[in-house]
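Chain naming here is simple, since letters A, B, ... match the order of the sequence lines and numbering starts at 1 in each.
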2 protein chains.
Amino acid sequence: MRVLIVEDDPHIAELLRDGLTEDGYDCDLARSAAEGAELARLFPYSLLLLDVMLPEGIDAGYHLGQQLREEGITALMMYLTARGTVEDRVEGLEAGGDDYLVKPFAFRELRARIRALLRRAGGSAQNALTLPNGWVMDLGGRELHRAGVRVDLTRREFALLELLALHPERAFTRDEIIGRLWSGDACVEPKVIDVYVSTVRRKTEDRLIETLRGTGYRLGRA
Amino acid sequence: MRVLIVEDDPHIAELLRDGLTEDGYDCDLARSAAEGAELARLFPYSLLLLDVMLPEGIDAGYHLGQQLREEGITALMMYLTARGTVEDRVEGLEAGGDDYLVKPFAFRELRARIRALLRRAGGSAQNALTLPNGWVMDLGGRELHRAGVRVDLTRREFALLELLALHPERAFTRDEIIGRLWSGDACVEPKVIDVYVSTVRRKTEDRLIETLRGTGYRLGRA
DNA sequence: GAGATCCTATGCGCGTCCTGATCGTTGAAG
DNA sequence: CTTCAACGATCAGGACGCGCATAGGATCTC
């Protein structure tokens with residue numbers, strides 16, 4: 001998750017970067033609208049944190065956001081400002097912003113709002129798992145797609161693939177898989193797993209699931 | 001769309017609830033900050049309507065809002081107060097509020113502001129939601145159009161479709177839907193959802209709502 | 001009090017799940 | 001290299017559970 005912070009006050013900028021880095025985001029820093037625009041065009045950020053008042057002018061942050069939107073940048077945008085009137089907020093939101101935070105703010109609030117934004121943005125963030133060969137698994141929407149094609153999986157098929165995808169390095173025995181995915185009192189033959197592996201392979205027409213002979217299964221590589 | 005009203009004056013509270021219920025929101029009522037905090041932590045509201053002056057103190061509404069924000073509650077917040085000075089407004093917005101309404105107010109204004117807020121939060125820039133297959137949802141009029149045909153939906157039907165349409169990528173379980181759309185004191189069987197899905201499909205003669213067997217429902221594709 | 005809406009209950013039909021059988025593959029011993 | 005046994009892949013079929021749709025009563029609205 002990559003975040004661009006555009007903020008000219010070095011103190012606040014440090015604060016933001018340290019906090020967000022600690023939360024696991026990859027942060028870049030820009031100290032002016034010009035620098036911010038350049039970076040935003042170069043890298044695929046998930047979120048832009050824009051201070052409204054920048055060296056280029058009192059509304060430079062808004063203009064930057066608006067301009068980037070018009071250039072087709074779809075990243076989420078959040079404005080930071082010291083001015084909190086209603087008109088101000090409306091202006092920011094109409095400039096293509098997704099959220100708005102008034103300084104001074106508690107870092108906890110910023111964190112909460114960022115998480116809410118990323119969550120709201122749909123299948124992104126923690127809800128999507130990328131698998132080998134360009135497959136993407138949307139855990140929220142319970143679907144699997146690649147290059148526009150959508151593959152419908154049943155509950156069991158999906159659960160199996162999800163388990164393997166969440167631990168890409170691990171190999172699972174059939175009994176382990178059953179222990180994790182089936183409720184405790186269920187007793188099924190270990191061979192059931194073979195069947196689901198088979199149907200997933202047939203539906204995707206791909207060997208997303210790798211066989212470890214004599215052991216079990218694992219998510220495929222590359 | 002679930003709304004929590006925190007207001008100690010029974011007269012105003014009734015007025016708000018009746019009006020909003022008529023507009024299709026499901027409202028819960030709290031008569032103190034303490035009660036409001038409890039409910040807000042328990043249920044996934046879309047909007048909190050907070051009276052500023054509550055039994056706990058002259059600023060209790062602000063404190064409640066601020067506290068909930070710091071706890072990571074991301075619901076929209078709108079304050080209601082009799083005091084309309086500039087300092088007051090700033091205080092409210094700094095307390096994590098999204099909008100502000102000074103009593104006495106016209107219900108029309110409240111309605112308009114709520115719709116504007118929810119619209120922005122939902123990411124859509126207009127008063128209408130576009131759905132697959134050329135359907136358009138008119139959020140103000142509780143109706144659905146396609147190519148000149150108009151389909152009337154009841155309150156529940158509309159709320160269900162709206163929820164799914166606002167999160168097109170997400171799959172919802174029946175219990176999730178009930179948690180989001182039904183007010184707290186309602187306890188209904190999860191199968192109710194089936195009935196509404198059924199009637200929406202019959203009225204539209206289209207599978208706007210997709211079934212995920214074993215999981216729940218999701219907005220249909222293309 | 002009439003009509004709409006909301007919720008529960010009840011069969012019916014179909015998809016999903018699991019089993020067992022058959023065929024194909026792998027790898028090691030002879 | 002050949003043979004053979006163990007393992008994995010795939011298919012067909014039956015049981016079951018889930019979702020669908022209707023009817024009908026309770027509740028709300030006007």
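- In summary, A/Glu143 and B/Arg218 engage in a salt bridge, as defined by a charged side-chain N under 4.0 Å from a carboxylate O.
- For D/dA21, neither phosphate oxygen OP1 nor OP2 lies less than 4.0 angstrom from any side-chain nitrogen or oxygen of B/Arg202.
- At a threshold of 4.5 Å between non-hydrogen side-chain atoms, the residues A/Trp135 and A/Leu144 count as touching.
- Separating the CD atom of A/Glu189 from the C1' atom of D/dG14 is a distance of 16 Å, rounded to the nearest angstrom.
- With rounding to whole Å, B/Lys191 atom NZ is found 17 Å from D/dA23 atom P.
- Using a 4.5 Å heavy-atom threshold, the side chains of B/Ile114 and B/Leu20 count as touching.
- In this structure, the CD1 atom of B/Ile193 is 12 Å from the C1' atom of C/dC6, given to the nearest Å.
- At a threshold of 4.0 angstrom between heavy atoms, the contacts of B/Val197 with the nucleic acid are absent.
- A cation-pi contact, defined as under 6.0 Å to the ring centre and within 45° of the axis, is absent between B/Arg174 and B/Phe172.
- Comparing A/Thr215 and B/Leu212 by the nucleotide of DNA chain D that holds the closest heavy atom to each, the one mapping nearer the 5' end is A/Thr215.
- One can place CD of A/Glu210 at 12 Å from P of D/dA9, the figure rounded to the nearest angstrom.
- With B/Asp26 as the partner, the side chain to side chain donor-acceptor pair (under 3.5 Å) test is satisfied by one option alone out of B/Arg17, B/Arg2, B/Arg156: B/Arg156.
- Applying the 4.0 Å criterion to OP1 and OP2 of C/dC7, one finds that B/Trp182 has a side-chain N or O inside that range.
- Going from atom CG of B/Leu181 over to atom P of C/dC7 covers 11 Å, rounded to whole Å.
- Nucleotide D/dC20 holds its C1' atom 17 Å from the CG atom of B/Leu208, rounded to whole Å.
- Remark: A/Ser198 is not in phosphate contact with D/dG8, judged by side-chain N or O atoms under 4.0 Å from OP1 or OP2.
- Regarding B/Asp26, its CG atom lies at a distance of 12 Å from the C1' atom of C/dC6, rounded to whole Å.
- OP1 or OP2 of D/dC20 sits under 4.0 Å from a side-chain N or O of B/Arg207.
- Using a cut-off of 4.0 Å between Lys/Arg side-chain N and Asp/Glu carboxylate O, A/Glu176 and A/Arg170 are scored as salt-bridged.
- With contacts defined as side-chain heavy-atom distances shorter than 4.5 Å, the pair B/Val192/B/Tyr196 qualifies.
- A close approach under 4.0 Å does not occur between any side-chain nitrogen or oxygen of A/Thr199 and OP1 or OP2 of D/dT10.
- When rounded to the nearest whole Å, the span between CZ of A/Arg174 and P of C/dT19 equals 14 Å.
- Of the residues in residues 152-164 of chain A, those placing a heavy atom less than 4.0 Å from an atom of DNA chain C are A/Thr154, A/Arg155, A/Arg156, in numerical order.
- Between the side chain of B/Glu157 and the main chain of B/Val200, no donor-acceptor pair closer than 3.5 Å is present.
- Taking 4.0 angstrom as the limit, B/Tyr196 places none of its side-chain polar atoms (N or O) nearer than this to OP1 or OP2 of D/dA21.
- Nearest to the side chain of A/Tyr217, among D/dA9, C/dC7, D/dG19, sits D/dA9.
- The A/Arg213 side chain lies nearest to C/dT26 when the options are C/dT8, C/dT26, D/dC20.
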